[in-house]
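Heads up: the structure comes next, in structure tokens.
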Amino acid sequence: MNLFRLFGDLSHLASIFILLQKIQSTRSCRGISFKTQALYATVFIARYLDLFYEWVSLYNFTMKVFFIASSCYILYLMKYKYRPTHDPSIDTFRVEYLLGPCVVLALLFHYKFTVPELLWSFSIFLESVAILPQLFLLQRTGEAETITTHYLAALGAYRALYIPNWIYRYFTEDMVDPIAVTAGLVQTALYLDFFYVYVTKVLQGQKFELPA
Amino acid sequence: PVEQKRHDEL
């Protein structure tokens, strides 16, 4: 464990608490893409199945359980408890355009041709693009509640912090994971536009609004 | 070993 990864994980944890806080305090999931949340639940379930047969550490175990449980809980909140506040007519990104290519990529790029390794690869590729329905929704509405932008910023910072972690591990542990690194770079790149508006507007105390 | 290290990431 190094500080980059620790802060990355903490940022990921924070993003989920911010999202829960947004839903509970506004009693609404307006502005949140159900599709993106469903993709994250898929990502965590596909990747963390190793919970059942591989012990890494208490930290690792707790985080995995938390990410699976919280993502399913968020889906429940959106689908049942706050269902009327979710507007499917603006959450229109076609997820099959993400799922299909990720399956193909996992079949092409993996470390071993076994079910867990294919699922791991698939989850890495899917995670890198899972934010697209959310960004698409943001693009369509052109604005976002401030708390929603904090959620997105914390979520984007998580994978961005994994990049220095990989560089650090390359030098200290001689570890290279080309699949995770490539996907992580793509994932972070997708946030660049958002980060720009977040830093120049939200952090200056203005509302998050995209230029018309 | 690389595989094991890979799985300690979240």
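A note on names: the letters A, B, ... follow the listed sequences, proteins ahead of strands, and every chain is numbered from 1.
Listed for the A:Ser33 side chain is no donor-acceptor partner under 3.5 Å among the backbone atoms of A:Asp91. Judged purely by atom type and a 3.5 angstrom limit, A:Ser128 uses its side chain to pair as donor or acceptor with the backbone of A:Phe125. A donor-acceptor contact shorter than 3.5 Å is absent between the side chain of A:Ser11 and the backbone of A:Phe7. When atom types are taken as modelled, the side chain of A:His110 and the backbone of A:Leu107 share a donor-acceptor pair closer than 3.5 angstrom.
In this structure, A:Ile124 and A:Ala183 approach most closely via the heavy-atom pair CG2-CB, 3.5 Å. Summarising the geometry of A:Phe109 relative to A:Ser121, their closest heavy-atom pair is O-OG, 2.7 Å, with the distance given to 0.1 Å.
Aromatic ring centres of A:Phe208 and A:Phe194: separated by under 6.0 Å.
With respect to A:Arg5 and B:Asp8, a salt bridge is recorded, a charged nitrogen being found less than 4.0 Å from a carboxylate O.
The contact list for residues 59-82 of chain A toward chain B, using heavy atoms and a distance under 4.5 Å, reads A:Tyr59, A:Asn60, A:Met63, A:Lys64, A:Phe67 by residue number. Scanning residues 37-52 of chain A against chain B with a 4.5 Å non-hydrogen threshold yields A:Arg47, A:Tyr48, A:Asp50, sorted by number.
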Please lay out, stage by stage, how A:Gln139 and A:Leu210 fare under the test side chain to side chain contact (heavy atoms under 4.5 Å, CB included).
CA-CA 7 Å; A:Gln139 196 74 246; A:Leu210 295 173; 3.6 Å; yes
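The aromatic rings of A:Tyr111 and A:Trp120 are tilted relative to each other, their planes meeting at an angle between 30° and 60°.
Residue A:Trp166 touches chain B through its side chain alone, counting heavy-atom pairs closer than 4.5 Å.
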